[in-house]
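Data block below; observations after.
As a basis for the values below, the full set of heavy atoms in this structure was taken, side chains included, without hydrogen atoms, waters or symmetry mates. Counting starts at 1 for both ligands and their atoms, in listed order.
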Amino acid sequence: MLIEQFICRIDNIAILLHHESSQRTIAIDAPDGEALLAHLQKLERKLDLVLITHHHTDHTSGIRVIKEKTNALFIGPEAEKSKIFGLDYVINEHDILQTDFCNIEVLSTPGHTLGSISYYFPEEKLIFTGDTLFSLGCGRIFEGSTKMMFHSLEKLASIPEDTRMYCGHEYTEKNGQFALTVDPQNKNLQDHVAKIISLRKKNRLTMPSTIGLERAINPFLRSANPSIRKNLDLMTASDERVFATLRKLKDNY
Ligand code: ZN
Ligand code: FE
């Protein structure tokens with residue numbers, strides 16, 4: 001599977017997957033229809049499928065123009081179907097999308113929005129997390145509860161460590177600055193942030209990450225970590241309480 005990504009709408013990441021032997025192309029979300037169509041034209045590809053992670057405008061506003069110009073099928077969360085224009089099929093937790101070239105598992109990961117989903121390609125070892133899990137961060141909790149988001153992130157952290165992860169925004173550098181304030185002794189985090197700063201200087205994207213790397217350096221997956229707990233003075237609190245504190249600190253960072 002070939003994966004291309006580019007920035008649009010300031011900091012959204014448009015993602016295109018291309019399966020060479022079947023010549024099938026999938027887009028994750030539709031942040032910018034025109035930019036996506038131009039990119040497809042440049043690559044001489046036709047779009048087959050668009051997988052929508054959640055209803056926010058910066059992930060869906062391209063649907064209308066893509067629908068006008070292609071025959072792609074649009075798939076998205078059933079819980080948000082009234083808020084998303086143009087879905088051809090709706091899906092739920094544990095649904096498996098079987099295409100002629102890959103299987104895609106639907107993971108319900110609410111919190112950022114109530115219906116947010118992540119798309120997991122187990123054979124390809126790929127996951128697309130939308131605005132739920134970011135590299136070195138997580139989405140703001142707009143509609144769900146802290147508990148919901150905590151469990152969604154636990155679910156994502158539990159898939160195989162070598163799964164490559166792509167998210168909906170290039171927020172990694174800013175997330176890294178925050179992460180260093182709560183986990184400053186983490187050598188892996190320090191090294192990775194240095195790498196990210198140099199990538200961003202060259203205008204390169206910081207994705208993909210991997211689930212294993214995020215487990216080692218993303219504070220929102222590390223509520224159990226003793227040194228983060230010590231820094232927050234929450235040695236005996238529940239993991240969920242530590243997560244809630246981290247999210248609050250980040251909201252005000
Ligand atoms: Zn969003
Ligand atoms: Fe977004």
Side-chain angles (χ1 to χ4, degrees), residues 3-17 26-36 39 50-66 74-87 90-93 106-120 126-153 155-156 165-178 196 200 205-209 214 218 220-221 243 246-248 250-253:
I3 303 175
E4 325 216 15
Q5 40 176 357
F6 60 91
I7 295 277
C8 54
R9 299 183 65 115
I10 305 175
D11 56 26
N12 276 82
I13 306 175
I15 306 168
L16 280 173
L17 317 183
I26 301 177
I28 310 295
D29 283 331
D32 181 334
E34 261 96 25
L36 198 82
H39 208 78
V50 182
L51 306 174
I52 302 290
T53 60
H54 67 293
H55 71 81
H56 285 158
T57 317
D58 63 313
H59 298 255
T60 55
S61 68
I63 295 177
R64 198 172 289 269
V65 56
I66 298 169
F74 286 76
I75 292 178
E78 167 142 56
E80 297 184 354
K81 69 175 178 197
S82 65
K83 294 178 176 165
I84 304 174
F85 163 82
L87 291 181
V90 291
I91 46 173
N92 284 296
E93 172 79 333
V106 175
L107 302 182
S108 163
T109 48
H112 178 67
T113 66
L114 286 174
S116 280
I117 53 182
S118 299
Y119 292 95
Y120 178 39
L126 288 170
I127 185 131
F128 301 92
T129 57
D131 286 2
T132 300
L133 176 62
F134 292 126
S135 185
L136 293 179
C138 74
R140 272 180 195 259
I141 302 166
F142 284 122
E143 296 176 8
S145 63
T146 308
K147 190 185 206 73
M148 232 179 223
M149 190 58 147
F150 177 72
H151 288 298
S152 294
L153 295 173
K155 190 187 281 186
L156 291 168
M165 169 243 177
Y166 290 80
C167 58
H169 290 270
E170 182 53 72
Y171 290 155
T172 316
E173 191 173 349
K174 265 194 196 145
N175 287 343
Q177 288 165 4
F178 170 76
I196 272 157
R200 293 306 295 144
L205 296 188
T206 62
M207 250 47 75
S209 182
E214 293 303 320
N218 185 332
F220 295 96
L221 304 183
F243 169 72
L246 287 166
R247 191 53 264 179
K248 200 169 269 165
K250 178 66 171 35
D251 286 345
N252 300 314
Y253 180 66

Please check if the number of heavy atoms outside Lys81 that lie under 6.0 Å from its NZ is greater than 12. no
With a cut-off of 2.8 Å, does His59 place any N/O/S atom under that distance from the Fe ion (ligand 2)? yes
For Asp58, the N, O or S atom at the shortest distance from the Fe ion (ligand 2) is OD2
Once rounded to 10 degrees, what value does the angle at the Fe ion (ligand 2) take between OD2 (Asp131) and NE2 (His169)? 100°
Taking the inter-plane angle between the rings of [X] and [Y] on a 0 to 90° scale, is it parallel (under 30°), tilted (30 to 60°) or perpendicular (over 60°)?
| X | Y | result |
| --- | --- | --- |
| Phe220 | Phe178 | parallel |
| His56 | His59 | tilted |
| Phe128 | Tyr166 | parallel |

Euclidean distance, Glu170 CD relative to Phe134 CZ, rounded to 0.5 Å: 10.5 Å
So, His54 versus Glu143: side-chain donor-acceptor pair below 3.5 Å or not? no
Does a side chain donor of either Thr132 or Ser152 reach within less than 3.5 Å of an acceptor in the other side chain? no
Counting only protein N, O or S atoms and ignoring waters, those under 2.8 Å from the Zn ion (ligand 1) are His54 NE2, His56 ND1, His112 NE2, Asp131 OD2
